[in-house]
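Reading through the structure tokens given below for one structure.
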Protein chains: 2
Amino acid sequence: MSRDPDSGLQRIILDTARQLLTTVGYAQLSMRKIANKIGYSATSIYLYYGNKDELVHALIDEGVDLLYEELKAANEKSKDPLERLRDMCVAYIRFGLDRPEYYEIMYVLHPEYITRYPAEKYRKARRNLEMMASAITDGVIGGKFESTDPVLSANMAWAQLHGGVTLLSSERVDKRFSEDTLIRASCSQIIRSLLVNPKSVEV
Amino acid sequence: MSRDPDSGLQRIILDTARQLLTTVGYAQLSMRKIANKIGYSATSIYLYYGNKDELVHALIDEGVDLLYEELKAANEKSKDPLERLRDMCVAYIRFGLDRPEYYEIMYVLHPEYITRYPAEKYRKARRNLEMMASAITDGVIGGKFESTDPVLSANMAWAQLHGGVTLLSSERVDKRFSEDTLIRASCSQIIRSLLVNPKSVEV
DNA sequence: CAAAATGATTAACACCGTTAAGTTAGTTGA
DNA sequence: TCAACTAACTTAACGGTGTTAATCATTTTG
């Protein structure tokens with residue numbers, strides 16, 4: 001399984017899987033559908049991916065990179081830790097709402113699934129959280145933020161963001177509030193919880 | 001479908017479905033397994049539940065009631081809005097972690113699923129959030145809390161709690177932090193975001 | 001040239017939700 | 001009493017799923 005990454009068919013499989021994922025969603029993504037679409041038999045996929053897990057893990061990988069790029073761009077837009085954090089929060093939620101299929105396989109799918117996710121890839125996924133943690137740390141150093149444990153704070157921020165994304169995109173949240181209202185509220189909630197002087201709520 | 005709720009077999013089906021849900025989890029819950037366990041054919045279930053959705057919705061219903069009882073108990077333990085809210089937050093997270101299968105079908109499962117969830121049941125599910133909102137409102141009236149929109153604040157709190165539950169129970173969260181640490185941090189995060197005077201962080 | 005490796009296939013297994021048709025037993029009404 | 005009807009349940013089947021084993025060409029290598 002998983003031989004030369006560029007051996008033609010493997011790339012085609014991954015491309016088709018990605019396309020199906022983003023069009024019909026994970027629930028409708030099947031080995032047979034991928035195979036049909038490219039004119040191969042379903043079992044051919046198993047020559048390049050040991051099982052469906054491996055294939056989805058490859059897609060998760062892409063999602064992690066995609067999110068990383070978004071977060072990095074947000075993080076580099078400004079020098080101010082507060083703005084960096086705020087922009088990253090917005091970028092995170094936007095990613096979750098704009099690419100729900102990626103978000104689903106990355107962060108929503110069954111725990112069983114993620115258990116089998118290789119440890120090395122785990123580390124890459126953690127970069128994203130670390131980037132937020134370092135913005136918080138910078139804010140603390142700069143005296144604008146207050147946090148006894150920036151990593152814990154980053155995890156709390158993540159929980160807030162993740163909860164927001166999932167409740168929003170599953171339409172479980174109160175429809176009286178617009179998407180924009182909820183995004184703003186989430187971000188200012190996170191920022192305010194870190195500010196030394198929360199009176200300045202110009203988020 | 002869904003005739004007399006107490007027509008014997010219907011109850012047995014629901015009981016067995018619940019038992020399978022809590023033992024093997026939703027992913028392993030199938031019509032055929034339920035049927036096998038009670039010695040009937042799978043199609044017999046369709047005499048009492050139109051499809052798997054209906055059956056799962058009945059289970060979701062139970063979960064909603066279960067959570068409601070927990071939240072109500074927490075809400076009635078004290079008169080102080082802050083304590084009420086704090087206890088409800090803890091109760092919510094505990095429910096999510098102690099009954100992950102219920103929590104999954106209630107709040108994690110595919111959006112498609114919840115779309116088909118009947119509107120009347122939706123209302124019942126909303127009671128839970130309203131109870132938190134009213135504790136916040138009481139806190140605002142009492143002058144301890146600050147919130148321009150208690151319902152929005154309740155939704156933010158919910159997002160934080162939901163994010164915490166899902167990240168924790170899917171073990172996506174940093175393992176350096178104990179479950180207890182994360183629960184405490186989530187709750188104090190929520191409370192602090194509402195306090196007029198956040199200096200008193202004795203949560 | 002024969003042997004081995006490569007890349008793909010077909011057939012099959014064991015599941016899944018669901019539908020249609022059939023069976024069996026019990027009740028009702030003329 | 002006996003035919004008609006109804007309720008409760010079953011079997012068979014459809015189309016779908018992930019996955020494995022066996023097979024068949026084709027190409028590469030010794």
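All values below were derived from every heavy atom in this structure, side-chain atoms included, with hydrogens, water molecules and symmetry-related copies excluded. Convention: sequence-line order gives letters A, B, ...; per-chain numbering from 1.
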Distance test, side-chain N/O of B/S44 to OP1/OP2 of D/dT10, below 4.0 Å: yes
Contact under 4.0 Å: A/Y48 side-chain N or O vs C/dA8 OP1/OP2: yes
For [X] and [Y], which I'm curious about, is there any donor-acceptor pair between the side chains at under 3.5 Å?
| X | Y | value |
| --- | --- | --- |
| A/Y103 | A/Y92 | yes |
| B/T137 | B/S134 | no |
| B/R32 | B/S30 | no |

Lys NZ or Arg CZ of A/K33 over A/Y26 ring: under 6.0 Å, within 45°: no
Nearest-Å distance for atom pair [atom1]/[atom2], residues [X] and [N]:
| X | N | atom1 | atom2 | value |
| --- | --- | --- | --- | --- |
| A/Q10 | C/dT6 | CD | C1' | 15 Å |
| A/Y49 | D/dT19 | OH | P | 14 Å |
| A/K52 | D/dT19 | NZ | P | 8 Å |
| A/Y46 | C/dT6 | OH | P | 22 Å |
| B/N51 | C/dC16 | CG | P | 17 Å |
| A/L47 | C/dG7 | CG | C1' | 6 Å |

Residues B/E83 and B/K77 bridged, charged N to O under 4.0 Å: no
Lys/Arg-Asp/Glu bridge criterion (N-O < 4.0 Å) met for B/D138, B/K144: no
Parallel, tilted or perpendicular: ring planes of A/Y107 versus A/H162, cut at 30 and 60 degrees: perpendicular
Write out a two-atom table: protein N or O, nucleotide N or O from nucleotides 22-29 of chain D, distance below 3.5 Å.
none

Partner set under side-chain hydrogen bond (donor to acceptor under 3.5 Å, both in side chains) for A/K124, not counting sequence neighbours: A/D65
Presence of donor-acceptor pair under 3.5 Å, side chain of A/T43 and base of C/dT10: yes
Steps toward side-chain contact (heavy atoms from CB on, under 4.5 Å) verdict (A/N75, A/D87): CA-CA 7 Å; A/N75 190 41; A/D87 290 347; over 6 Å; no
Near-strand residues of residues 16-41 of chain B, defined as heavy-atom separation under 4.0 angstrom from DNA chain C: B/L29, B/S30, B/M31, B/R32, B/K33
